[in-house]
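This chain uses plain numbering: 1 for the first residue, then up along the sequence. Just so it is clear, the values below take in all heavy atoms, side chains as well, and ignore hydrogens, waters and symmetry mates.
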Amino acid sequence: MKKRVVVIGGGAGGAILANNLPLEDFEVTVVDRSPYHYYWPWLLYVAFRGSRRPMRREIESLLKPGINFIQSGAQSVDLNNRKVVLEGGKTLDYDYLVIATGSRPTYEQIGGHEKAVEKYGDYHSTVENAERVWKSINSLKQGTFAVVVGGDPYRCPPSPLEGVFLAEEFFRSRGLRDRVRVVFAVPYPRPYPAEPMNEVVEPLLKERGVEYITFFTLDRIEDDRKVAVSMEGEELKYDALVVIPPHVGTDVKISPEDVLTTDRFIQADKYTNNIKGFDDAFVIGDASAVPVAKTGVTAHLQAEVVAKRLQGEDARNSGRTNCPFDLGYGLGTFVISDYRNPVVKLPPSRFSHMAKMLFAATYWDMVRYPELWNPIFEAYFDATEPAKLARIYV
């Protein structure tokens, strides 16, 4: 008899997990409120390059034939009784559950944040808000353009600095660099939290004349005065402002509630992704409280581990991160680490930037055809193990 697997969320983690399960052994149902799967990293290029490249596909088109798709939000999950209740009242029973609902930006934590997003946009929420950023930078002919990290956690650790580097390149390409001041403010003691990678990016900020403010914990935005105010009492004056919004976890009601953190991320074993206290339920990707980067690559790797565990293998996560990092001017790097090794000090290169673009170009095929791409990824991740790279880049 086939094992019933319910996957809540049809994003990177959920879709890849579903497509990795053999349908002769599993009855797989994917549930998502939206009919679409979005390639969220492309919001960066909508915001700072004005890209109009389509960044969504129908979830059903990305799932293998035979996988059931239900377009509905999940209202509640009862882990003790193995039940999922959908928004319309329908109940799904399962043998195994995988929660892959991602994370979502919140604007309530910072005074004035919601109004600032409506005016200047951001590139961590919607296409419309990313388009607002593009409009904001095109309208700015002089003054200060500021990017401020509003709090942890947020999707894609390199993304705040990617926006800074692409904004600086944009203003320089328009001949406005001597009239537009680019400022980056963070609550950390350095521009990038992990010191090895900071040793790569901080010299680039100085070289390109980007100002940065550390220990700036954003408290509120007073747009009538055009200032962002920190909890430390510092004021940052701006003419256009983009705030990286802090993110929160799932909006699905889950019982027992003690599996959730205060900001609604789901506690799980960092090696197996089993939800705390349950051997028949998992959480992958941004929805989890596991201490790894909230990126699509992380969700992808966790999905593969869970798929193998459901098939009886003793697969375990290494904590591998592999975040592509656009440094502007055709340069890039990767944020690579795992549970045993700190971030590698990987220098800027054109190859890394091309690798990021190649990944974006092939993303949909990677999701839809894991049987073709898994061997390629395995070879890549083996060749770029942090321990191996650390012996080269010191």
Checklist entry - Is Lys356 paired with Glu162 through a side-chain N to carboxylate O contact shorter than 4.0 Å? => result yes

Item to check | Distance-only donor-acceptor check, side chains Asn273 and Arg309, under 3.5 Å | outcome: no

Checklist entry - Side chains of Val31 and Leu86: does their closest heavy-atom pair fall under 4.5 Å? => result yes

Checklist entry - With a 4.5 Å heavy-atom cut-off, do Ser349 and Thr333 have their side chains touching? => result no

Checklist entry - Any sub-3.5 Å donor-acceptor pair from Asp239's side-chain atoms to Thr144's backbone N or O? => result yes

Checklist entry - Is it true that Glu195 and Lys345 make a salt bridge, defined as a side-chain N closer than 4.0 Å to a carboxylate O? => result no

Checklist entry - Does some side-chain heavy atom of Val344 sit less than 4.5 Å from a side-chain heavy atom of Phe334? => result no

Checklist entry - Side-chain contact, heavy-atom cut-off 4.5 Å: Phe26 with Lys2? => result no

Checklist entry - More than 12 foreign heavy atoms under 6.0 Å from CD of Glu235: is that the case here? => result yes

Checklist entry - Does any N or O in the side chain of Asn374 come within less than 3.5 Å of the main-chain N or O of Pro370, such that one atom is a donor and the other an acceptor? => result yes

Item to check | Donor on one side chain, acceptor on other, Asp32 and Ser34, under 3.5 Å | outcome: no

Checklist entry - ring-ring contact (aromatic ring centres under 6.0 Å, His included) between Phe48 and Tyr123: does it pass, once the steps are laid out? => result CA-CA 9 Å; Phe48 295 101; Tyr123 54 104; 5.1 Å; yes

Checklist entry - Short question: side chain of Arg104, backbone of Gly249 - any donor-acceptor pair under 3.5 Å? => result yes

Next on the checklist: Are Tyr363 and Tyr39, when compared by the centres of their aromatic rings, separated by less than 6.0 Å?
Outcome noted: yes

Next on the checklist: Distance alone, cut at 3.5 Å: any donor-acceptor contact between the side chains of Asp326 and Tyr45?
Outcome noted: yes

Checklist entry - Does any pair with a residue in residues 213-233 pass ring-ring contact (aromatic ring centres under 6.0 Å, His included), and if so which ones, sequence neighbours excluded? => result none

Item to check | Side-chain (Glu211) to main-chain (Lys206) donor-acceptor, under 3.5 angstrom | outcome: no

Checklist entry - Are Arg33 and Glu87 within salt-bridge range, i.e. N to O under 4.0 Å? => result yes

Next on the checklist: Take a 6.0 Å sphere around NZ of Lys90 and say whether it holds more than 12 heavy atoms from other residues, nucleotides or ligands.
Outcome noted: no

Checklist entry - Are side-chain N/O atoms of Tyr120 and Asn129 paired as donor and acceptor at under 3.5 Å? => result no

Next on the checklist: Tell me whether Lys115 is salt-bridged to Asp223, with the criterion being a basic N under 4.0 Å from an acidic carboxylate O.
Outcome noted: no

Checklist entry - Do Val148 and Leu236 come within less than 4.5 Å of each other through their side chains, counting heavy atoms only? => result yes

Cut-off 3.5 Å, no hydrogens considered: what does the side-chain donor-acceptor table look like for residues 91-98, sequence neighbours left out?
from: Asp93; atom 1: OD1; to: Lys83; atom 2: NZ; distance (Å): 2.7
from: Asp95; atom 1: OD1; to: Arg4; atom 2: NH2; distance (Å): 3.4
from: Asp95; atom 1: OD2; to: Arg4; atom 2: N; distance (Å): 2.7
from: Asp95; atom 1: OD2; to: Arg4; atom 2: NE; distance (Å): 3.2

Checklist entry - Got a donor-acceptor contact below 3.5 angstrom from the Arg132 side chain to the Lys135 backbone? => result no

Checklist entry - Okay, side chain of Asn198, backbone of Ala194: is any donor-acceptor separation there less than 3.5 Å? => result no

Item to check | Check against side-chain contact (heavy atoms from CB on, under 4.5 Å), Val149 and Phe184 | outcome: CA-CA 8 Å; Val149 173; Phe184 181 50; 4.0 Å; yes

Item to check | Electrostatic pair Glu168:Arg172 at N-O distance under 4.0 angstrom | outcome: yes

Checklist entry - Is there a side-chain contact between Val252 and Gln75, using heavy atoms and a 4.5 Å cut-off? => result no

Item to check | Leu43 side chain reached by Tyr38 side chain, heavy atoms, under 4.5 Å | outcome: no

Checklist entry - Can Arg391 and Glu385 be counted as an ion pair, charged N to O under 4.0 angstrom? => result no

Checklist entry - Is the count of non-hydrogen atoms from other residues, nucleotides or ligands lying under 6.0 Å from Glu257 atom CD greater than 12? => result no

Checklist entry - Which pairs, with at least one residue in residues 266-294 and sequence neighbours excluded, count as a salt bridge (charged side-chain N to carboxylate O under 4.0 Å, His left out)? => result Arg82-Asp280

Item to check | Face-on cation placement of Arg155 at Trp40 ring, 6.0 Å and 45° thresholds | outcome: yes

Item to check | Polar side chain donor-acceptor pair, Asp122 to Ser125, under 3.5 angstrom | outcome: yes

Next on the checklist: Between Ser230 and Thr217, do the side chains contain a donor N or O and an acceptor N or O under 3.5 Å apart?
Outcome noted: no

Checklist entry - Any idea which heavy atoms bring Arg177 and Gly209 closest together, and the distance? => result NH2-O, 2.9 Å

Checklist entry - Going by atom types only, do Arg264 and Thr106 share a side-chain donor-acceptor pair under 3.5 Å? => result no

Checklist entry - How far apart are the C-alpha atoms of Tyr380 and Asn322, what are their side-chain angles, what is the distance that settles it, and do they pass the side-chain hydrogen bond (donor to acceptor under 3.5 Å, both in side chains) test? => result CA-CA 11 Å; Tyr380 168 79; Asn322 195 82; 3.1 Å; yes

Checklist entry - Between the side chains of Thr298 and Thr295, is a donor N or O closer than 3.5 angstrom to an acceptor N or O? => result yes

Next on the checklist: I'd like to know if Lys3 pairs up with Glu27 as an ion pair, taking the criterion as any Lys NZ or Arg NE/NH1/NH2 lying under 4.0 Å from an Asp or Glu carboxylate oxygen.
Outcome noted: no

Next on the checklist: Is it the case that the side chains of Glu304 and His300 hold a donor-acceptor pair, with the cut-off being a distance below 3.5 Å and no angle test?
Outcome noted: yes

Next on the checklist: Under a plain distance cut-off of 3.5 Å, with no hydrogens placed, do Glu199 and Tyr192 share a side-chain donor-acceptor pair?
Outcome noted: no

